[in-house]
Engineer: 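Handing you this structure, nothing more for now.
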2 protein chains.
Amino acid sequence: MISEKEINIFEDYLLTKNLKHSEQRNEILYIFLKHDKHLTANELYRIVQGKYPAIGYATIYRTLKLLCACGLCRELKFEDGTSRYEHLFNHQHHDHLICTKCGRFVEVVDPQIEALQEKLIKKHGFHPERHRMELYGVCKRCKR
Amino acid sequence: MISEKEINIFEDYLLTKNLKHSEQRNEILYIFLKHDKHLTANELYRIVQGKYPAIGYATIYRTLKLLCACGLCRELKFEDGTSRYEHLFNHQHHDHLICTKCGRFVEVVDPQIEALQEKLIKKHGFHPERHRMELYGVCKRCKR
DNA sequence: TGCTATTTTGATATTGATTTACAATATCAT
DNA sequence: ATGATATTGTAAATCAATATCAAAATAGCA
């Protein structure tokens, strides 16, 4: 399920930045790619630990930085302060709809909203770059 | 400029929760109300320090919690991790448009977007509660 | 191969923001 | 005034994230 393309993106990034390969980086990259979820640094750390107990916390953070820098992932900061790392490859832009009871969340996009957001930014004389939208509510399961 | 109503809200909250008055709480409340800006805890702390050097950091945080609990303010967490406290009284719901160069920001509302957000939440079977939207771009002044 | 410059790593310490613990003090209904 | 309860400041504790640094790994080159 891991796409060769994602690995190439990482490889190319190392190359262009004159960075080196390492087993740790590989291990973290593969584990990150295998888990197509929004993991926290800590969750990733624990999974990596399972296979590679010697790996340090700092290396997780360092590699997550690389993954973000090369465009494979991005850091999401939620309201409660937790940071989660989200896959970017083959995932077009989206926002999040989050259940306030159970924390479950869904990726959502609405082209109309997207268009209006850009319009709103321009109306205030800004040059649009990006946005962040989180919708909160109670999900079907928690509603009853 | 400080509205009696805001003070009453705070008073009432203390009353209903069986909390007590204190000079510190008053001082912090008044200074918070006087500065109709999005201050950080630290900025508020420094201002309060000017009049009340004995006041502790913890008391600032504790009082900000009260201000949020009684509905006079809310904590905003921005992407860079900083928390700012925003006035709620007489400020209807709004989102933020933030300049990525200078950090300046504008409060914005777009009824069309608001409506679509609610629709989108319902479409996914959620019961809508609230949302958070931050728009990022480069402001007029920074553009040139 | 071996050499060497450079990068990476893990352990540990450090930061910075926020929270907590606790003994001393202040508040307020009686 | 008294006593029960809440509040305060100080200092210590958290917590996630970052920086430091000596030792180990990597990769280009002989």
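Residue numbering restarts at 1 for every chain, and letters A, B, ... go by the order of the sequence lines.
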Engineer: If only atom types and distance count, is the side chain of B:E118 paired as donor or acceptor with the main-chain N or O of B:A115 below 3.5 Å?
Structural biologist: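 The answer is no, because no donor-acceptor pair under 3.5 Å joins these two groups.
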
Engineer: So if I take residues 30-56 of chain A and measure heavy-atom distances to DNA chain D, which residues fall below 4.0 Å?
Structural biologist: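 Nucleic-acid contacts, sorted: none.
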
Engineer: Tell me if a side-chain donor or acceptor on A:K143 pairs with a main-chain N or O of B:G125 at a distance below 3.5 Å.
Structural biologist: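 Indeed, once roles are kept as given, a pair shorter than 3.5 Å links the two residues.
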
Engineer: Starting at OH of B:Y57 and ending at P of D:dT10, how long is that distance when rounded to a whole Å?
Structural biologist: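 From B:Y57 OH to D:dT10 P: 14 Å.
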
Engineer: Using a heavy-atom cut-off of 4.0 Å across all strands, would you classify B:S83 as base, sugar-phosphate, or nothing?
Structural biologist: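 Sugar-phosphate: the residue B:S83, judged by heavy atoms under 4.0 Å, touches backbone atoms but no base.
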
Engineer: Has B:T59 got a side-chain atom pairing as donor or acceptor with B:I55's backbone, closer than 3.5 angstrom?
Structural biologist: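 Such a contact is absent between B:T59 side chain and B:I55 backbone.
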
Engineer: With a cutoff of under 4.5 Å between side-chain heavy atoms, which Ile, Leu, Val, Met, Phe, Trp and Tyr residues group with A:L135?
Structural biologist: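 Traced through the cluster, A:L135 reaches A:L97, A:V106, A:V108, A:I113, A:L116, A:L120, A:I121, A:F126, A:M133, B:L97, B:V106, B:V108, B:I113, B:L116, B:L120, B:I121, B:F126, B:M133, B:L135.
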
Engineer: Taking the inter-plane angle between the rings of B:Y57 and B:Y45 on a 0 to 90° scale, is it parallel (under 30°), tilted (30 to 60°) or perpendicular (over 60°)?
Structural biologist: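 The rings of B:Y57 and B:Y45 lie parallel, inter-plane angle below 30°.
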
Engineer: For the residue pair A:T40 and A:Y85, establish whether any side-chain heavy-atom pair is separated by less than 4.5 Å.
Structural biologist: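 No. Closest side-chain heavy atoms not under 4.5 Å.
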
Engineer: Check whether A:H35 reaches the backbone of A:L33 with its side chain - one donor and one acceptor, N or O, closer than 3.5 Å.
Structural biologist: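 Pair absent, no side-chain N/O of A:H35 close to backbone of A:L33.
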
Engineer: If you group Ile, Leu, Val, Met, Phe, Trp and Tyr whenever their side-chain heavy atoms sit less than 4.5 Å apart, what else falls in with B:L15?
Structural biologist: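 Its cluster partners, ordered by chain and number, are none at all.
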
Engineer: With the sugar-phosphate defined as primed atoms, P, OP1 and OP2, and the base as all remaining atoms, what B/S/- string results for nucleotides 20-27 of chain D, 5' to 3', for protein heavy atoms under 4.0 Å?
Structural biologist: B-----BS

Engineer: Examine distances only and state if a side-chain atom of B:R84 and a backbone atom of B:H38 form a donor-acceptor pair shorter than 3.5 Å.
Structural biologist: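 Checked: pair present.
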
Engineer: I'd like the 5' and 3' limits of the part of DNA chain C contacted by chain B, with heavy-atom contacts below 4.0 Å.
Structural biologist: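 The protein-touched segment is C:dA17 to C:dC28.
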
Engineer: Quick one: which residue pairs count as a salt bridge (Lys or Arg N to Asp or Glu O under 4.0 Å) with a foot in residues 18-30 of chain A, not counting sequence neighbours?
Structural biologist: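 Of all non-adjacent pairs touching residues 18-30 of chain A, those that pass salt bridge (Lys or Arg N to Asp or Glu O under 4.0 Å) are A:E27-A:K51.
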
Engineer: Using whole Å, report how far OH of B:Y61 lies from P of D:dT8.
Structural biologist: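 B:Y61 atom OH is separated from D:dT8 atom P by 16 Å.
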
Engineer: Looking at every strand, decide which applies to A:K65 at a 4.0 Å heavy-atom threshold: base, sugar-phosphate, or nothing.
Structural biologist: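 Contact class for A:K65: sugar-phosphate only.
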
Engineer: Expressed in angstrom and rounded to an integer, what is the separation of A:L76 atom CG from D:dA17 atom P?
Structural biologist: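 For the pair A:L76 CG and D:dA17 P, the rounded distance is 13 Å.
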
Engineer: Is the distance between the ring centroids of A:H93 and A:H131 less than 6.0 Å?
Structural biologist: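 Aromatic pair counts; centres sit under 6.0 Å.
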
